[in-house]
Amino acid sequence: MSPERALTWLARLARVLSWPFARFDVDGGDAMNDAVDTGIIVVDHRSLFDVVAGVIIFHKYHRYPRVLIEKKYVDSKWTRPFARAIGAIPVDRAAGRGEAFSAAVDALQSGLTILLLPEGRISFDPDRPTATGRASTGVSRLAEASGAPVIAAGMIGTEQIWPARALPYLNPFRRRPVVTCRISDRPVVFTGTDHTERTEQAMAEVRRMMAECVAAAERRTPRALAA
């Protein structure tokens with residue numbers, strides 16, 4: 001079974017299994033989906049639930065992106081079946097990122113979408129809900145090498161389902177947290193050639209989308225939460 005077909009079924013299964021524990025509020029991205037055949041989707045990283053949420057969310061757009069995941073999760077007996085089923089690209093920090101980078105470029109050039117979490121590690125500060133951690137310049141380098149556009153997305157609420165350094169909250173009797181995602185309708189416009197500056201431009205767009213998520217969460221009414 002191809003990773004794309006596996007992702008289709010996994011997205012449906014994940015949505016059913018997550019229904020007692022999570023709700024989703026997703027908006028934006030339609031114009032991007034119509035105009036961009038292949039690209040690099042960048043999103044913030046605040047929970048181990050981010051990848052599962054991404055699989056569910058992008059199924060709505062009929063996108064089944066390859067995800068760059070730290071090698072230990074691809075090799076772990078607990079996460080290996082899921083990681084391999086979705087065609088995750090392992091990133092070996094100890095050995096350098098050359099192999100993962102080449103695999104990601106090849107995937108983009110063959111027409112696949114890449115989902116990238118540039119922070120690499122979970123970064124969530126409840127006092128600064130739209131802050132992001134230090135980001136790898138891989139997003140800029142990957143865009144330059146492949147010529148693919150970069151689309152920013154913001155996602156909040158996943159930390160309420162699976163907090164960092166804790167087991168997931170899988171209690172069907174509590175009010176289900178809402179995972180809010182906003183996707184930009186336009187690619188990131190890079191200026192200059194410095195990869196650090198270009199990466200910050202991408203992360204600024206991610207934070208803009210996160211701010212839209214926060215605003216949506218603040219506007220949400222009890223009736224909308226129950227939907």
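Owing to the predicted nature of the structure, the values given are computational and were not obtained by experimental measurement. FYI, side chains are in, hydrogens and waters are out, and symmetry mates aren't considered; it's all heavy atoms of this structure. Numbers for residues simply follow the sequence, beginning at 1.
With values rounded to the nearest 0.5 angstrom, L17 atom CG is found 4.0 Å from L13 atom CG. Here the OG-CZ distance, from S123 to R128, works out to 8.0 Å after rounding to the nearest 0.5 Å. With rounding to the nearest 0.5 Å, the separation of CG in D27 from CD1 in I57 is 11.5 Å. To the nearest 0.5 angstrom, E212 atom CD is 12.0 Å from T130 atom OG1. Rounded to the nearest 0.5 Å, atoms CZ (R176) and OG (S18) are 9.0 Å apart. Atom OG1 of T193 sits about 8.0 Å away from atom CZ of R198, to the nearest 0.5 Å.
Linking Ile, Leu, Val, Met, Phe, Trp and Tyr whenever their side-chain heavy atoms come within less than 4.5 Å puts I41 and V179 in one cluster. A continuous path of hydrophobic side-chain contacts links V91 to V139 [ILVMFWY only; heavy atoms under 4.5 Å]. When hydrophobic clusters are built by joining Ile, Leu, Val, Met, Phe, Trp and Tyr residues whose side-chain heavy atoms come closer than 4.5 Å, directly or via intermediates, V26 is not grouped with I156.
Taking the side chain as every heavy atom from C-beta outward, T180 and F24 never approach each other to under 4.5 Å. In this structure, the side chains of H45 and F124 stay at 4.5 Å or more apart for every pair of heavy atoms. With a 4.5 Å cut-off on side-chain heavy atoms, L48 and P163 do not count as touching. Counting heavy atoms from C-beta outward, V43 and D50 have side chains that stay 4.5 Å or more apart. Residues T132 and E119 form a side-chain contact, since some pair of their non-hydrogen atoms from C-beta on lies under 4.5 Å apart. Contact of the I183 side chain with the I151 side chain is registered, since non-hydrogen atoms from C-beta on lie closer than 4.5 Å. Counting heavy atoms from C-beta on, the side chains of L7 and F58 never come closer than 4.5 Å. Residues M210 and V214 are not in side-chain contact: their nearest non-hydrogen atoms beyond the backbone lie 4.5 Å or more apart.
Nearest heavy-atom pair, A11 versus I56, reported as atom, atom and distance to 0.1 Å: O-CG1, 4.1 Å. For the pair L170 and P172, the tightest heavy-atom approach, listed with the atom from each and the gap, is O-CD, 3.4 Å. When all heavy atoms are compared, the tightest approach of R174 to Q160 is NH2-O, 2.7 Å. Residues T199 and S136 share a closest heavy-atom pair of CG2-O, 3.4 Å. Closest non-hydrogen pair, A148 versus G39, comes out as CB-CA, 4.1 Å. Residues P149 and P187 approach most closely at CB-CB, 4.0 Å, considering heavy atoms.
Residues satisfying the side chain to side chain donor-acceptor pair (under 3.5 Å) test with R15, not counting sequence neighbours, are none. Looking at residues two or more places apart in sequence or on another chain, you find no ring pair (Phe, Tyr, Trp, His ring centres under 6.0 Å) involving H195. Judged as a salt bridge (charged side-chain N to carboxylate O under 4.0 Å, His left out), and not counting sequence neighbours, the contacts of D25 are R182, R220. Partners of E200 by salt bridge (charged side-chain N to carboxylate O under 4.0 Å, His left out), not counting sequence neighbours, listed by chain and number: R207.
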Given side-chain contact (heavy atoms from CB on, under 4.5 Å), test F21 with N171 step by step and report yes or no. CA-CA 7 Å; F21 316 110; N171 182 355; 5.8 Å; no
Residue pair L68, F101: steps toward the side-chain contact (heavy atoms from CB on, under 4.5 Å) verdict: CA-CA 9 Å; L68 274 72; F101 185 87; over 6 Å; no
Expected list for residues 104-118: side-chain donor-acceptor pairs under 3.5 angstrom, two or more places apart:
| residue | atom | partner | partner atom | Å |
| --- | --- | --- | --- | --- |
| S110 | OG | D106 | O | 3.3 |
| S110 | OG | A107 | O | 2.8 |
| T113 | OG1 | R63 | NH1 | 3.1 |

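Under a cut-off of 6.0 angstrom, the local environment of OH in Y169 is sparse, with at most 12 non-hydrogen atoms contributed by other residues, nucleotides or ligands. R134 CZ: 12 or fewer foreign heavy atoms inside a 6.0 Å radius. For D37, the CG atom counts as loosely surrounded, since its 6.0 Å shell holds 12 or fewer non-hydrogen atoms of other residues, nucleotides or ligands.
Judged by distance alone, the side chain of S47 and the main-chain N or O of W162 form a donor-acceptor pair under 3.5 Å. Between the side chain of R46 and the backbone N or O of P129 there is at least one donor-acceptor pair closer than 3.5 Å. Looking only at distances, no side-chain donor or acceptor of E205 sits under 3.5 Å from a matching main-chain atom of V188. Between the side chain of D44 and the main chain of M155, a donor-acceptor pair closer than 3.5 Å is present.
Applying the side chain to side chain donor-acceptor pair (under 3.5 Å) test to residues at least two apart or on different chains, the pairs with a partner in residues 183-192 are T191-Q201.
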